[in-house]
Amino acid sequence: MPELPEVEIIRRQLLPLVGSEIIRASADDEDLFADGLTPENVVVRLQGKTINNFERYGKFLLLEAGENWLIFHPRMSGKIWYRTDPPPLPDRVKLELDLSGESEEKLFFTSLRRFSRFYWQERGNPGQHPKIAKMGPDPLHSEYTFDNFKNNLSGRRGAIKNLLLDQSFVAGIGNIYACEICFRSGIDPRRSADNISSTEARKIFDTIIEVLKEAIAAGGSSLNQESSATVYRGVGGEVGSYSDQHRVYGRENENCPRCDGEVKKIKLGGRSTFFCPDCQK
DNA sequence: CAATCGTCCTGCGGGC
DNA sequence: TGCCCGCAGGACGATT
């Protein structure tokens, strides 16, 4: 569910907690813990540690606890809540952190579909973690340059939209923003990456930053609004409004906002893909 | 190496 | 009304 913008919003909302000590931790559901983590030992590793920072790479949220890093990937349905009571069912708490300070609020990590993963990086910096090391540049970091982008593009032959979803190409884009980026770039999502012109590549490169930043400014994309338990929410339960600005995602059969065409929905690489066949070339 | 496909899991909404 | 099926914002591993 959360893509780069949603994880970035969560990170910014959590930043005021930097400096807090983890007084008590509890964890459940061993399937979600990787790198030798278990619900038992993660508690031992976290308790008594100070939260020194929250960072983000792609869709990974990075929590610096003492000298080490707890790395959380929300995948489809992961959420982080900052509140006094456990979040409402059917969400179930996988990790709870009680922090020092006056506040009664605690951090709750949930994962309705249980796809989320907790990873661990001992000392050093989280970029050394193998999952992060093999990722492409993060569009909001300085290593995201057009030269780099164009180099990574060469030799790729698959559909451009699938390439945008490939985390080793660019980090942080998911299905919603891949559709929106193709639309805003005027590029047919089915176009093979190897016949994207330099001008078009430049357009896509710029649009990636533009769309992601706009989404952050709008509080992220929350599909289905209040109705679904899987909807994206900020740490205080806030719903994002960027879905109101989606040009094509979730808008099958609606009028194209740019031409006389109609938004279509197809499958591409097994994923729902929304686009306007009339003005995306 | 790069691309495709099935799979993991739970809850919801549509159709019959 | 109730049940069954398909679908969902992600990524991994096996296979071609």
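Naming: A, B, ... by sequence-line order, numbering from 1 per chain.
A/K59 has a side-chain polar atom (N or O) that falls below the 4.0 Å cut-off from OP1 or OP2 of C/dA11. Between C/dC7 and A/K267, no contact under 4.0 Å exists linking OP1 or OP2 to a side-chain N or O. For A/R113 and C/dG10, the shortest distance from a side-chain N or O to OP1 or OP2 is not below 4.0 Å. Note on A/Y249: a side-chain N or O is less than 4.0 Å away from OP1 or OP2 of C/dG9. Considering only side-chain N and O atoms, A/K94 lies nowhere under 4.0 angstrom from the phosphate OP1 or OP2 of B/dC9. For C/dG10, the OP1/OP2 oxygens have no side-chain nitrogen or oxygen of A/Q167 closer than 4.0 Å.
If you check every strand for non-hydrogen atoms under 4.0 Å, A/G270 touches nothing. In this structure, A/R117 reaches neither bases nor backbone, as no heavy-atom distance under 4.0 Å exists between it and the strands shown. A/K131 comes within contact range of the sugar-phosphate backbone alone, with a heavy-atom separation under 4.0 Å but no base atom that close. Among the heavy atoms of the strands, none lies under 4.0 Å from A/S111.
C/dG10 has its base stacked against the ring of A/F115, the centroids being under 5.5 angstrom apart at an interplanar angle below 30°.
Spacing of P atoms, B/dC9 relative to C/dC3, comes out at 24 Å, to the nearest Å. A distance of about 22 Å separates the C1' atoms of C/dG9 and B/dA3, rounded to the whole Å.
Separating the CD atom of A/E252 from the P atom of C/dA8 is a distance of 10 Å, rounded to the nearest angstrom. Between A/R75 atom CZ and C/dA8 atom C1' the separation is 15 Å, expressed in whole Å. In this structure, A/L89 places its CG atom 9 Å from P of B/dG11, rounding to the nearest Å. The CG-C1' distance, from A/L164 to C/dG9, rounds to 15 Å in whole Å. Computed from coordinates, the A/L223 CG to B/dG13 P distance equals 13 Å when rounded to whole Å. Atom NE2 in A/H73 sits roughly 20 Å away from atom P in B/dC8 (whole-Å rounding). One interatomic measurement links the two molecules: CZ of A/R271 to P of C/dG10, which rounds to 5 Å at whole-angstrom precision. The distance between atom CG of A/N175 and atom P of C/dA8, rounded to the nearest whole Å, is 8 Å.
Nucleotide C/dG9: unpaired (no Watson-Crick or G-U wobble partner with both distances less than 3.5 Å). Using the Watson-Crick or G-U wobble rule with both distances under 3.5 Å, B/dC9 pairs with nothing in any strand shown.
Between A/E6 and A/K59 there is no salt bridge, since none of the side-chain N atoms of the basic residue sits less than 4.0 Å from a carboxylate O of the acidic one. Salt-bridge check for A/R83 with A/E105: failed, with every basic side-chain N at 4.0 Å or more from each acidic carboxylate O.
Scanning atom types as modelled, no donor and acceptor separated by under 3.5 angstrom connect the side chain of A/R114 and the base of B/dC9.
Each of C/dA11, C/dG9, C/dC7 was ranked by its minimum atom distance to the side chain of A/K265; first place goes to C/dC7. Among B/dT4, C/dA8, C/dG9, the nucleotide with an atom closest to any side-chain atom of A/T230 is C/dG9.
Atom CG of A/N151 is surrounded by more than 12 heavy atoms from other residues, nucleotides or ligands within 6.0 Å.
No side-chain donor-acceptor contact under 3.5 Å links A/R114 to the backbone of A/L112.
Note that A/R202 lies in the cation-pi zone of A/F146, set by a 6.0 Å cut-off to the ring centre and a 45° limit from the axis.
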- Decide yes or no on ring pair (Phe, Tyr, Trp, His ring centres under 6.0 Å) for A/F205 and A/Y144, but give the supporting numbers first. CA-CA 9 Å; A/F205 174 84; A/Y144 181 69; 4.3 Å; yes

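Transitive grouping of hydrophobic side chains (ILVMFWY, heavy atoms separated by less than 4.5 Å) keeps A/V235 and A/I71 in distinct clusters.
Place A/E3 and A/Y119 on DNA chain C by their nearest nucleotides, and A/E3 ends up nearer the 5' end.
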